[in-house]
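Report on the structure given below.
Each chain gets a letter, A, B and so on, in the order its sequence line appears, and its residues count up from 1.
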Protein chains: 2
Amino acid sequence: MVVRDAEATRARILEAALAEFAAVGLAGARVERIAAEAGSNVRMIYAYFGNKSGLFDAAVRSAVETMAAAVPPTPDSLAEWAGRLFDFHLEDPTALRVSLWAQLERPAVASEPMGAYLEKTLAVATRVGSARRAVDLLVIVYSIAQAWVLSPQGLLAADGSDPSSPERIVSHRAAVVRSVAAIVDLEVSQP
Amino acid sequence: MVVRDAEATRARILEAALAEFAAVGLAGARVERIAAEAGSNVRMIYAYFGNKSGLFDAAVRSAVETMAAAVPPTPDSLAEWAGRLFDFHLEDPTALRVSLWAQLERPAVASEPMGAYLEKTLAVATRVGSARRAVDLLVIVYSIAQAWVLSPQGLLAADGSDPSSPERIVSHRAAVVRSVAAIVDLEVSQP
DNA sequence: TATTGGTAAATGAATACTTACTTACATCGC
DNA sequence: GCGATGTAAGTAAGTATTCATTTACCAATA
């Protein structure tokens with residue numbers, strides 16, 4: 001390294017960790033690979049993040065923050081929000097994959113951003129009547145927005161078309177948006 | 001072992017593998033732990049399944065088969081089918097978790113049951129107009145049925161209630177069924 | 001029927017290699 | 001020179017996979 005910059009090194013490590021964890025998860029990740037990819041070394045990882053799971057936790061938090069910042073929730077139009085979430089995950093599935101791995105391998109960390117959850121729930125609750133129904137709705141909306149990226153290729157290609165073609169993407173995005181719209185309509189109309 | 005029974009031993013190994021892989025995934029699983037849990041030994045795993053990923057693949061296939069057999073699709077009432085899927089995943093998340101891990105760690109294996117996908121797609125296509133729309137719909141229906149089990153505890157509890165309470169479960173199941181019903185209605189009405 | 005030989009099933013321990021984590025040392029900026 | 005930052009080479013504990021051997025079972029033979 002020519003220039004010494006703790007912040008920059010930390011950031012490079014975190015970035016490399018995000019990619020590695022998104023690709024192979026916590027158990028599959030290799031500390032040495034992350035260090036190499038970051039242009040740093042193992043020692044620095046332990047200096048900055050304590051241990052492997054500490055780095056993973058930091059990566060998860062970073063991923064969730066990125067996601068929340070990139071796709072701010074708009075309670076008035078959940079359908080459009082779902083569409084933007086879909087776009088975000090499609091363009092870069094890193095954050096989604098890291099979150100999912102956290103949910104499987106470290107559920108406690110995945111449940112951490114309680115504040116954000118509470119906020120969204122309350123915002124939606126005013127439209128749906130109760131907090132419970134808001135949670136039920138949010139759970140479903142999230143999953144619809146993620147469905148495409150998490151579906152096996154075999155299912156996506158079951159109609160004989162290429163799942164990565166632009167028309168195919170546009171088609172599914174439309175399905176996502178109108179599905180969420182239909183569900184929200186339903187929930188708002190019958191409390 | 002008192003009795004020598006290749007089939008039984010194989011079955012015990014597979015059962016133990018399912019539990020282990022569901023809990024910690026392919027990279028997190030320990031061959032030795034599986035052997036011990038199965039009341040067998042490591043060498044047998046290699047005799048019957050070749051290697052660790054061979055065992056994982058076998059576990060995935062077994063999980064998918066179990067799931068397909070336990071919750072046969074009913075194209076005429078996708079909503080009820082989603083409800084039964086929800087029940088199945090809730091009672092035992094093993095198959096769902098194994099499938100999800102396959103999707104993350106070995107996408108090729110997760111995409112394997114093409115036959116089942118094609119069948120379901122065709123069955124739904126006759127109701128929705130085109131195979132493409134059928135796939136879009138199926139992807140979303142699957143994800144809605146799984147959403148609860150895959151959501152972080154923090155979100156599920158954001159309304160202040162206990163996510164594992166029977167009333168909470170009943171409430172969400174209802175949300176799943178009526179959501180799918182609403183989406184299917186929409187898709188059938190406007191082709 | 002008792003003996004023998006063959007084969008599938010099972011086992012414990014070794015092998016070859018990874019992997020998270022540490023230590024001892026170097027270098028930069030103030 | 002001193003604390004912060006960086007590096008390379010360890011180390012001890014695991015870990016997938018293989019080896020050498022034993023055990024149970026079966027059937028043919030004498």
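Linking Ile, Leu, Val, Met, Phe, Trp and Tyr residues whenever their side-chain heavy atoms come within less than 4.5 Å leaves A/V177 and A/V184 in two separate clusters.
Between A/N41 and D/dT7, a side-chain N or O to OP1/OP2 separation shorter than 4.0 Å is present. The side chain of B/T9 places no N or O atom within less than 4.0 Å of a non-bridging phosphate oxygen (OP1 or OP2) of C/dA9. For the OP1/OP2 pair of C/dA10 and a distance below 4.0 Å, the side-chain nitrogens and oxygens of B/R43 include no atom meeting the criterion.
The nearest pair of heavy atoms linking B/A23 to B/W101 is O-CH2, 3.3 Å. Residues B/A110 and B/Q103 share a closest heavy-atom pair of CB-OE1, 3.6 Å.
In this structure, A/R30 places its CZ atom 9 Å from C1' of C/dA20, rounding to the nearest Å. Remark: P of C/dA8 and CZ of B/R10 are 17 Å apart, rounded to the nearest angstrom. Taking atom OH of B/Y48 as the reference point, atom C1' of D/dT17 lies 18 Å away to the nearest angstrom. Here the P atom of nucleotide C/dA10 and the CD1 atom of B/I45 are 13 Å apart, to the nearest Å. Rounded to whole Å, atom P of D/dT22 lies 16 Å from atom CE of B/M44. Put simply, CD on A/E7 is 15 Å from P on D/dA4, counting in whole angstrom units. Rounded to whole Å, the distance from CG on A/N51 to P on C/dC21 is 5 Å.
Between the side chain of B/K120 and the backbone N or O of A/L155, no donor-acceptor pair lies under 3.5 Å. Within the 3.5 Å criterion, the main-chain N or O of A/L104 finds a donor-acceptor partner in the side chain of B/R97. Distance alone, capped at 3.5 Å, is enough to place a donor-acceptor pair between the B/T126 side chain and the B/A123 backbone.
Side-chain proximity of A/Y46 to D/dT5, C/dT11, C/dA20: nearest is C/dA20. Closest approach to the B/K52 side chain among D/dG6, C/dA9, D/dA16 is made by D/dA16 (side chain taken as heavy atoms from C-beta onward). The side chain of A/V42 approaches C/dC21 more closely than any other nucleotide in the set D/dT5, D/dT17, C/dC21.
Ring orientation note: the planes of A/F21 and A/F56 are nearly perpendicular, at an angle over 60° on the 30°/60° scale.
The six-membered or imidazole ring of A/W81 lies away from that of A/F86, with a centre-to-centre distance of 6.0 Å or more.
Proximity of residues 16-27 of chain B to DNA chain D (heavy atom under 4.0 angstrom from any strand atom) is not detected for any residue. Taken residue by residue, residues 101-109 of chain A places no heavy atom nearer than 4.0 Å to DNA chain D.
A side-chain donor from one of B/T94 and B/D92 sits under 3.5 Å from a side-chain acceptor of the other.
B/A8 comes within contact range of no nucleotide atom at all, as no heavy-atom separation falls under 4.0 Å.
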